[in-house]
Amino acid sequence: MSPFVCTPLIPDTPLLPRKPRFKRATAIRCRAAPAPGDAALRAFRVHHVAGHSLAANPALLPALAACARLLTAAAEAEQIHALLVKSGLPSSVSGVYASTSLARVYARLGRLGDARKVFDGMPERTLVSWNVLLDGLVRAGDLDAAWEMFVEMPERNVSSWNTVMAGFVRHGWAQEAVELFTEMTEVYGLTPDETTMVGFVSAVRSLGLLGFGRSAHGYITRREFSLDGALGVALINMYTRCGCMGAAYQCFSSVISKNVEHWTSVIGGFAAHGHSEMALKLFAEMRQLGVKPNGVTFVAVLNACSHGGLVDEGFRYFNLMRGMGIRPLIQHYGCLVDLFGRAGFLEEAFNLASSLPEEQGFVMWSSLLAACQTHGNVDMAEVAAQKLADTEPSHGSSYVLLSNAYARAGQWDDLKRTRSRMEEHRVVKKPGLSWIEVDGSVHSFVTADKLHTESKDIYHMLEDLKLNLMSAGSKPETFDLPEV
DNA sequence: TTAGGGTTAG
């Protein structure tokens, strides 16, 4: 295959005309003379070409910072590294900044071995150098190694704690992140800064600890931390995940300088909770104010359309996105499949889903399977369930969704067969969990469990609620399930 | 002059 042809992540479907490719000549010219796109890299080159020594090049550290930020400038970083080695700068004491910055570039590129080599070669290390390496381990997902390093570091500051905490949250260790916060503040008496609060709020968001989230918000307000950056986004997201759209919107409104992520978070929140009109109204407002949406914003917008049954609008937004030069990803196509499926256009949903790469299709086929259940198409449900099982064979939800579809269609023999196949393959469906936080402790429940210490009182309360609902005229939807 | 932060399809 020609190196000049980009392989699209998603194969184009008839819906989506193929994008024009770059002209061959343009690609060759770019390759022959790669001009650094970043201002700092350009400045570095200007000084270097003018014959300035590395130590006298004011753009050295900004250029390395750019390499760390861009993640596409590995070649430039290597060139600067070579120049540093040649100049002898990294081994001099004044080179501690350059070496730390260089180690950071490799750490950010995921080249931990190279980062470690630079670090090991440093005659003098600062706490920042340690934190850079710590961050590299955290980003690579080697949390055990990161923890080991964190414990053994000669000293630690708030940044070290923040680095580990953010890493824990990013890799799903939210509970550990909360514990880390408690230890940092209560045992070590350190004062949290804005970054600490971003990590903490993100952790309590993952765990659904609304009470902790509210306390954190209070603390943030008292400290007069700005909500203009990541902190505002984290707070909006925390309220959204806890189902408090009122608080999320209030928080959003209090952000003075709103960026695309603030807008995306609040739009995504309203979309997820079924308030499609509000989500789309906010999207229009955002554009009117000149904030440019990104691919994630469009996931939120398309989600609003699918939850609101707005098929035509969904396609209009999808085309708008492509018109803005944003390449659709599997999430966007997933929204379209969901949009078709929920609205009952099962054939269209199926055709679109079938045209996409299978390995990323788990969520998409689940949504289609759910749509087949809703609209009573058992034949298609069987195919979708098979696709799901192909993607993740040990996942129980495909069997459960399929048996639900059989139940809805009254095909009890097929339902029995599916359940026995599940047993044969020893597939266990992980039960969905609900939880509620009362006075700082989290109480979790699965369907029909009696493990909670106050289980008896809870079931009494449920009975009361049920009676109240019935007397108010509510009728539950029931099926006559046979013994399986 | 070098470190740590946020949004994504069921």
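Chain naming here is simple, since letters A, B, ... match the order of the sequence lines and numbering starts at 1 in each.
- Note on A/Thr264: a base of the nucleic acid sits closer than 4.0 angstrom, heavy atoms only.
- If you check residues 100-108 of chain A against DNA chain B, the residues with a heavy atom closer than 4.0 Å are A/Thr100, A/Ser101, A/Arg104, A/Arg108, listed by number.
- Computed from coordinates, the A/Gln331 CD to B/dA9 P distance equals 7 Å when rounded to whole Å.
- Residue A/Arg241 has a polar side-chain atom (N or O) positioned under 4.0 Å from OP1 or OP2 of B/dT8.
- Heavy atoms of A/Arg125 sit nowhere under 4.0 angstrom from any nucleic acid atom.
- Across all strands, A/Val363 comes closer than 4.0 Å to base atoms (heavy-atom distances).
- Applying the side-chain contact (heavy atoms from CB on, under 4.5 Å) rule to A/Thr196 yields the partners A/Val158, A/Asn162, A/Met165, A/Phe181, A/Met184, A/Pro192, A/Asp193; only residues at least two apart in sequence or on another chain are considered.
- Side-chain atoms of A/His375 come within 3.5 Å of backbone N or O of A/Arg342 as a donor-acceptor pair.
- The distance between the ring centers of A/Phe318 and A/Tyr333 falls below 6.0 angstrom.
- Of the possible donor and acceptor atoms, none in the side chain of A/Ser99 sits under 3.5 Å from a partner among the backbone N and O of A/Val96.
- For the pair A/Arg205 and A/Tyr239, the minimum side-chain heavy-atom distance is 4.5 Å or more.
- Note: CG (A/Leu231) to C1' (B/dG6) measures 9 Å, nearest angstrom.
- Rounded to an integer number of Å, the gap from A/Asn294 CG to B/dA9 P is 13 Å.
- In this structure, A/His81 atom NE2 and B/dT2 atom P are separated by 20 Å, rounded to whole Å.
- Here A/Arg205 reaches the OP1 or OP2 of B/dT7: one of its side-chain N or O atoms lies under 4.0 Å away.
- The side chain of A/Ala230 sits closest to B/dG5 out of B/dG5, B/dT7, B/dT1.
- Stacking of A/Arg419 on the aromatic ring of A/Tyr399 is not recorded, the 6.0 Å distance cut-off and the 45° axial limit not both being met.
- In this structure, CD1 of A/Ile267 is placed 20 Å from P of B/dG6, rounded to the nearest angstrom.
- Counting heavy atoms from C-beta outward, A/Val201 and A/Ile220 have side chains that approach closer than 4.5 Å.
- Between A/Phe200 and A/Tyr219, a ring centre-to-centre spacing not shorter than 6.0 Å is recorded.
- Here the side chain of A/His217 pairs no donor or acceptor atom with the backbone of A/Leu235 at under 3.5 angstrom.
- In the set B/dA3, B/dG6, B/dT1, the nucleotide with an atom closest to the side chain of A/Glu261 is B/dG6.
- Rounded to a whole Å, the CG atom of A/Leu329 is 16 Å from the P atom of B/dT7.
- Listed in residue order, the members of residues 168-189 of chain A having a heavy atom less than 4.0 Å from DNA chain B are A/Arg170.
- Among the atoms of the strands shown, none is found under 4.0 Å from any heavy atom of A/Ala234.
- Using a 4.0 Å heavy-atom cutoff across all strands shown, A/Gly232 reaches no nucleic acid atom at all.
- Rounded to whole Å, the distance from CG on A/Asp193 to P on B/dG6 is 13 Å.
- OP1 and OP2 of B/dG6 both lie 4.0 Å or more from every side-chain N or O belonging to A/Asn237.
- In the region residues 296-313 of chain A, proximity to DNA chain B at under 4.0 angstrom, judged on heavy atoms, holds for A/Val296, A/Val299, A/Asn303, A/His307.
- In this structure a side-chain-to-backbone donor-acceptor pair under 3.5 Å is missing from A/Asn303 to A/Ser306.
- Counting heavy atoms from C-beta on, the side chains of A/Thr195 and A/Leu231 never come closer than 4.5 Å.
- Within residues 143-159 of chain A, the residues that have a heavy atom under 4.0 Å from DNA chain B are, in order of number, A/Asn157, A/Val158, A/Ser159.
- Within a 6.0 Å sphere centred on CD of A/Glu359, other residues, nucleotides and ligands contribute more than 12 heavy atoms.
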Per-pair distances, 0.1 Å, donor-acceptor, side chain in residues 269-284 of chain A, under 3.5 Å, sequence neighbours excluded:
residue: A/His273; atom: ND1; partner: A/Gly269; partner atom: O; Å: 3.0
residue: A/Ser276; atom: OG; partner: A/Ala304; partner atom: O; Å: 2.9
residue: A/Ser276; atom: OG; partner: A/Gly308; partner atom: N; Å: 3.3

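- With hydrogens and angles disregarded, no donor-acceptor distance shorter than 3.5 Å links the side chain of A/His48 to the backbone of A/Asn57.
- Inter-residue side-chain proximity for A/Gln386 and A/Trp365 is flagged as unmet; no heavy-atom pair is nearer than 4.5 Å.
- Residue A/Ser160 is classed as having no contact, given no heavy-atom separation below 4.0 Å to the nucleic acid.
- Whole-Å rounding puts the A/Asn57 CG to B/dT1 C1' distance at 13 Å.
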